[in-house]
Amino acid sequence: MPALQPVRGTQDLLPEQHRRHRAVSETARAIAERYGYREIATPIFEFTEVFARPIGETSDIVTKEMYTFADRGGDEITLRPEYTAGIVRAIISNGLTQSLPLKYFASGPMFRYERPQKGRQRQFHQIGVELLGMAGPAGDVEIIACGASILRDLGILERTVLELNTLGDGESRAAYRTALIAYFKAHHDKLSADSRERLERNPLRILDSKDDGDKRINAGAPSFADYLTPEARAFFDAVRAGLDRLGIGYRIAPRLVRGLDYYCHTAFEFVTTELGAQGTVLGGGRYDGLMSVMGGPETPGVGWAAGIERLAMLIEEPKSAPRPIAVIPIGENGEAAALTLTHELRRAGFTVDAGYSGNIKRRLRHANKVSARAAVILGENELAQGTATLRDLDTGEQIDVPLADLKNRLTPFR
């Protein structure tokens, strides 16, 4: 029988790798709390409409990437490809639209049927924050500052560049869309097949094309900045001024776009050159039209998401787990005493490893394998005298210690 393997695009997070993931998610969680974002958890799967309606029935995510299936009750279900739609659905479902503003942090797995690549699997993990009910540019500044603070605490910020753009308001987007269609129609025959398909439906997505021929055409495309209304320009100026006051550097990226109509105003990405062509480590923007698309009231929103796998590849080696104390019994009386002592030491806050079988030589070998800091040996003679042998596994020195004083004597070995 062939050995079982994980499904393509998935991976096992073994302890050392999972420790890096935890370092990312726990750092992000702590920073988000400082900014007032409370943690939320939404279902891993939703009715397909939750994602298909806002993302767009004809988008690549819906048509090519979502894991969609009919469950045994006949309902069409989708494994979540992103967080925002599920969180907005939760706000509507739980009647929270009267409790704005709402600030949420989330962390968990996502699913997209994509070609596996460096730092991106078909099952991947994200952290994200969402701010609902804040219409002004101060919300955009705070969301970006929160992301920058997380990257700084992870030791990544200095190796990234914040790319910033504006998608304007509805009037700006309509004018720019008209100009883009006219420009791209003049180059229709030179566009890639995908871009020709997007021309009428979603011309902004052409600006994000990876096709070399499209890139050459995009170089001469109209600039969004030329079509901004005074109000949209003032909004973007306020965002930039806020970032300047906080000392958060950025680079204007006029080709940074979001194709869906509910996106507006600020779009941003923190990018790095250390992960190859797919260099975005954290990205987001404003989505004031999303709530109404999903059947709720008109509600402003802004947020971002970041891939945990990519961040975990960039951080330095996290702090190691505490080295355990090995409790090593000898004989039946030692086994009984070790059971009680191990329980008491753990309740007192010590990390304790119990080698469950073998003679003392084998158990000491196991203690070295798990990198134990010290060993407590419980032999028949020691127990008869109310003592234990405490061995420093780094130096090899050992002493007899009264059991009543053992916790105090173990404190330096924490």
Review point. Could you walk me through whether Asp189 and Arg196 pass the salt bridge (charged side-chain N to carboxylate O under 4.0 Å, His left out) check?
Key: CA-CA 8 Å; Asp189 293 342; Arg196 286 197 298 271; over 6 Å; no
Could you work out, with side chain to side chain donor-acceptor pair (under 3.5 Å) as the rule, every residue matching [X], not counting sequence neighbours?
X      : value
Arg122 : none
Glu344 : none
Thr299 : none
Gln121 : none

Check the surroundings of atom [atom1] in [X]: do more than 12 heavy atoms from other residues, nucleotides or ligands lie under 6.0 Å from it?
X      : atom1 : answer
Glu274 : CD    : yes
Glu46  : CD    : yes
Tyr35  : OH    : yes
Lys185 : NZ    : no
Arg346 : CZ    : yes

Tell me the closest heavy-atom pair linking [X] and [Y], and the distance in Å.
X      : Y      : answer
Ala367 : Leu393 : CB-CD1, 4.0 Å
Ala90  : Ile40  : CB-CD1, 4.5 Å
Leu167 : Leu256 : CD2-O, 3.9 Å
Ile315 : Ala23  : CD1-CB, 4.0 Å
Leu403 : Ala388 : CD2-CB, 3.8 Å
Ile127 : Ala28  : CD1-CB, 3.5 Å

Are any of the side-chain heavy atoms of [X] and [Y] separated by less than 4.5 Å?
X      : Y      : answer
Leu132 : Pro300 : no
Tyr250 : Ile144 : no
Leu345 : Thr342 : no
Leu290 : Met294 : yes
Arg323 : Asp394 : yes
Leu164 : Leu243 : yes
Arg409 : Ile399 : yes
Val376 : Ile325 : yes

With sequence neighbours excluded, what pairs up with [X] under the side-chain contact (heavy atoms from CB on, under 4.5 Å) test?
X      : answer
Ala175 : Tyr227
Pro137 : Phe235, Ala238, Val239
Met110 : Arg80, Tyr83, Phe124, Gln126

Practice item. Verify salt bridge (charged side-chain N to carboxylate O under 4.0 Å, His left out) between Glu142 and Lys103, making sure each step is shown before the conclusion. Key: CA-CA 11 Å; Glu142 179 184 282; Lys103 303 171 73 171; 3.0 Å; yes
**Study point:** Pair listing, side chain to side chain donor-acceptor pair (under 3.5 Å) test, anchored in residues 105-114, at least two apart
**Key:** Glu114-Arg120
Check your understanding: Relative to each other, are the rings of Tyr176 and Phe224 parallel, tilted or perpendicular (30° and 60° limits)?
Key -> parallel
Practice item. Check the angle between the aromatic planes of Tyr183 and His187 and answer parallel, tilted or perpendicular using the 30° and 60° thresholds. Key: tilted
Exercise for review: Show your working on side-chain contact (heavy atoms from CB on, under 4.5 Å) between Leu204 and Leu180 and close with a plain yes or no.
Suggested key: CA-CA 8 Å; Leu204 267 71; Leu180 273 186; 3.8 Å; yes
Please identify each residue that fulfils salt bridge (charged side-chain N to carboxylate O under 4.0 Å, His left out) with [X], with sequence neighbours left out.
X      : answer
Asp169 : none
Glu33  : none
Arg19  : Glu16, Glu317
Asp214 : none

Is any side-chain N of the basic residue among [X] and [Y] closer than 4.0 Å to the acidic one's carboxylate O?
X      : Y      : value
Glu335 : Arg363 : yes
Arg205 : Asp194 : no
Arg391 : Glu397 : no

Practice item. Let me see the working for Leu311 and Leu151 under side-chain contact (heavy atoms from CB on, under 4.5 Å), right down to the final yes or no. Key: CA-CA 9 Å; Leu311 294 175; Leu151 295 179; 3.7 Å; yes
Practice item. For side-chain contact (heavy atoms from CB on, under 4.5 Å), just list the numbers for Tyr104 and Tyr37, CA-CA rounded to whole Å, side-chain angles, deciding distance to a tenth of an Å, and then say yes or no. Key: CA-CA 5 Å; Tyr104 291 128; Tyr37 291 84; 5.6 Å; no
Practice item. Among Ile87, Leu96, Leu131, find the residue that satisfies the side-chain contact (heavy atoms from CB on, under 4.5 Å) test when tested with Leu102. Key: Leu96
Review point. Of Leu282, Val281, Leu314, Val271, which meets side-chain contact (heavy atoms from CB on, under 4.5 Å) against Thr160?
Key: Val281
For the residue pair [X] and [Y], confirm or rule out a side-chain donor-acceptor distance under 3.5 Å.
X      : Y      : value
Ser192 : Asp211 : no
Tyr263 : Arg286 : no
Glu130 : Thr84  : yes
Tyr67  : Gln123 : no
Ser292 : Glu298 : yes

Practice item. Flag this pair as yes if the NZ/CZ of Arg414 is under 6.0 angstrom from the six-membered ring centre of Phe350 and inside a 45 degree cone about the axis; otherwise no. Key: yes
Point to revise | His18 vs Arg22, side-chain contact (heavy atoms from CB on, under 4.5 Å): CA-CA, chis, key distance, verdict | key: CA-CA 6 Å; His18 197 274; Arg22 278 187 58 190; 3.6 Å; yes
Point to revise | Member of His125, Gln17, Arg20 meeting the side-chain hydrogen bond (donor to acceptor under 3.5 Å, both in side chains) criterion with Glu309 | key: His125
